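Notes for the one structure printed next.
Atoms considered below: every heavy atom in the structure, side chains included; atoms not considered: hydrogens, waters and symmetry mates. Here, residue 1 is the first one in the sequence, and each next residue gets the next number. Computed from a predicted model, the values in this text were never measured in an experiment.
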Amino acid sequence: MAVLWSDAYRWRMATRDQLGGVIHSYQRYDPVRFPSPTEPPPDVVSAAFEHALMFGERRELTAEELARAVHLDPSQIAGLGPSIDALRAMLEERKRKILATYETRKAIKRARKALHAAAAGAKPPTKLADRYHQAIRTEQLRELERLWYATGDDSSPFARQVVQVLERMGDKYQVDELDAKYAFTGREAMTVEKALEVKEELEKIDELLKQLEEAAKTAQIGVIDLEMLSEFAEPGDVDQLSALQQQVQDYLRDIAEQQGLAEGKGGGSFQLTPKAYRVFQSKLLQRLFGQLEASRTGRHTGDISGEGAVETQRTKPFEFGDSIANMDVVSTFTNALLREAAQPQPPAAGDTPQQKPRGFRLRSDDIVVHKTRNTPKAATTVVMDMSGSMRYDGQYINVKRMALALQGLLRSEYPGDYLSFIEAYSFAKPVEPGRLINLMPKPVTISNPVVQLRADMSRDDISEQMVPPHFTNLQHGLALARRQLSAQDTPNRQIVLITDGLPTAHFEGETLYLLYPPDPRTEAATLREGLLCQRAGITINLFLLPSWSQTEEDVRFGYRLAESTKGRVFFTAGHDLDRYVVWDYLSRRREILG
């Protein structure tokens, strides 16, 4: 103990320049352990993408938010800085002593007495007297605030008296809360002012204990309020924690750069680079295919041999109908030479018997062709509902996560496939892949229970900015997807339509209709567009997400759209959307190959 006390004393007396070596001897840790050379680096990019999925461009990710979101291995900081358990024990002991020292009964009486004294001194006008006395009897802060506004003159004597009563009533509320929240066992009486000080101190201790508990579980040193902690802990402990906090932040900043997060101009925020997109999409696919493996469903399809575009290393004898373009030249000529050598030929005219035959004839049974694998191209357009209702339960986040997963799948596995995205709200607009992360549900600008609006979009004096954006125009989305897919040179075309219910907007020529509650006229226009997609050879797969406002009629619409277009409808929880869409895409490719 003497050695430890001596080291601790030396540490407190040391200057900041000397802290490194003293901490090393006092805490007995090896700085090489952080970061650990064997542990995998923390997943920083997922935290950044989850923030971007939720807020889009509305709010940048700060360094502090990134540090709070990333979980480190607590074992890596177990020996660094002061013991978190020791700090917690110190705070808990401080709290225990406070509760064992004071009692609250007298403070409650004094707060009540102060309130009634202030209330008795107020002289309300006759027209406000009944309301005032009722507010005092029931101790209603809100009613007293209304009375203050009702005076009409905040400089009048009664208005100033009401402010004083409000302050005394607020004090009584806080003393009552202190008595209800904590179990005091001491005997020392408190004044009202002392009770408020004790309440503030205990709440700070509770908040710090919560922060330290979280830091012990996740190594999130950044969550600890060092300024608040400095009121209770030794100065040296706070300095150590501050140095460790900076070390963790520097480490996370380096990892963020490695995983594709770039600091914005001036620092303080992070931006997503193309490298970060690739890393995050790879993690999404790893998670999805990890679930797929657990269900014993194969990710890769079997070989589909026959007339195809990609040659394989394996060969087979030529059959009628096989393309000579896939001939294995070396094997074919070798077969012909071996056959000719095994069959002696009669000498040609003018040749002596000792001369070898000249040349050889190629026969069909000599020919060997490479086996080929069909790799048909598929074209997909994803129509994503971004109307106002998609903000409930964060459904728009699930839709964007699905889009990123599907884009990552095609980039890594099927780079020849066509994929495009469309957001559908009151209008439908193509979305560049790089802008997917910034999509947000449209703000609700009309709260009327019944809406019947019409806008002639061919007029020069009417623009999209004048139209409420939060309606659902699936008809326009399907029409735009049909035009995109019709230009693709493949018979394997599909629309993935993701929505949470009935459409509420449609076009008739250049006229846009916004109708709520959902109108049969809008549904009919959407179904007509679906039939046009079917006639163009485009399959519609509808993924219907759950919603608080979803009704049986929403489900029936999904069935009607699927049945009328010979498509399919899927009912899935929002958090499973990426898995369902990706697995269905792979399933359809297997059907195409078969």
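- In the model, R137 has a side-chain atom that pairs as donor or acceptor with a side-chain atom of Q134 under 3.5 Å.
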Does D43 form a side chain to side chain contact (heavy atoms under 4.5 Å, CB included) with V45? I'd like the steps, not just the answer. CA-CA 6 Å; D43 182 6; V45 71; 3.5 Å; yes
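- In this pair, Y425 and F427 present their aromatic rings perpendicular. The plane angle is above 60°, beyond the 30 to 60° band.
- Between F49 and Y277, the ring planes are perpendicular. Angles over 60° get that label, and only those under 30° would be called parallel.
- In summary, the aromatic rings of F570 and Y580 are positioned with their centroids too far apart to meet the 6.0 Å limit.
- A donor-acceptor distance shorter than 3.5 angstrom exists from the side chain of D153 to the backbone of S155, with no hydrogens or angles considered.
- Here the closest non-hydrogen pair linking L144 and L166 is CB-CD2, 3.4 Å.
- At a threshold of 4.0 Å, the pair E464-K429 counts as salt-bridged, since one of the basic side-chain nitrogens sits closer than that to a carboxylate oxygen.
- A salt bridge links E145 with R142: the closest approach of a Lys/Arg side-chain nitrogen to an acidic carboxylate oxygen falls below 4.0 angstrom.
- Here the shortest heavy-atom pairing between S387 and P441 reads O-CB, 3.5 Å.
- Nearest heavy atom pair, residue S426 against residue L512, reads O-CD1, 3.7 Å.
- When every heavy atom of D578 is checked against every heavy atom of R401, the shortest pair comes out as OD2-CD, 3.7 Å.
- Of the possible donor and acceptor atoms, one in the side chain of T273 sits under 3.5 Å from a partner among the backbone N and O of G260.
- At least one donor-acceptor pair closer than 3.5 Å links the side chain of K442 to the backbone N or O of M440.
- Of the charged side-chain nitrogens involved, at least one lies within less than 4.0 Å of a carboxylate oxygen, so that K172 and D176 count as a salt-bridged pair.
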Which is it for V451 and L515 under the side chain to side chain contact (heavy atoms under 4.5 Å, CB included) test, yes or no, and what are the steps along the way? CA-CA 6 Å; V451 178; L515 305 175; over 6 Å; no
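- Here the closest heavy-atom approach between residue A107 and residue V192 is recorded as O-CG2, 4.0 Å.
- M190 approaches L178 most closely through the heavy-atom pair CE-CD2, 4.3 Å.
- Side-chain contact check for D171 and Q174: no donor-acceptor pair (N or O, by modelled atom type) lies under 3.5 Å.
- Counted within 6.0 Å of CG on N448, heavy atoms from surrounding residues, nucleotides or ligands total more than 12; the atom is thus considered enclosed.
- Exactly one residue among E167, R110, R168 makes a side-chain contact (heavy atoms from CB on, under 4.5 Å) with L115. That residue is R168.
- Ion pairing between a basic and an acidic side chain is recognised when a charged N comes within 4.0 Å of a carboxylate O; R88 and E213 show no such pairing.
- Within a 6.0 Å radius of CD in E50, more than 12 heavy atoms belonging to other residues, nucleotides or ligands are found.
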For the pair I498 and N398, evaluate side chain to side chain contact (heavy atoms under 4.5 Å, CB included) and give the outcome as yes or no after the intermediate values. CA-CA 11 Å; I498 302 168; N398 299 319; over 6 Å; no
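- Under a 3.5 Å cut-off, the side chain of N473 and the backbone N or O of A424 do not form any donor-acceptor pair.
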Kindly indicate, with the supporting measurements, whether the criterion side chain to side chain contact (heavy atoms under 4.5 Å, CB included) is fulfilled by E203 and Y182. CA-CA 10 Å; E203 288 175 345; Y182 300 99; 3.8 Å; yes
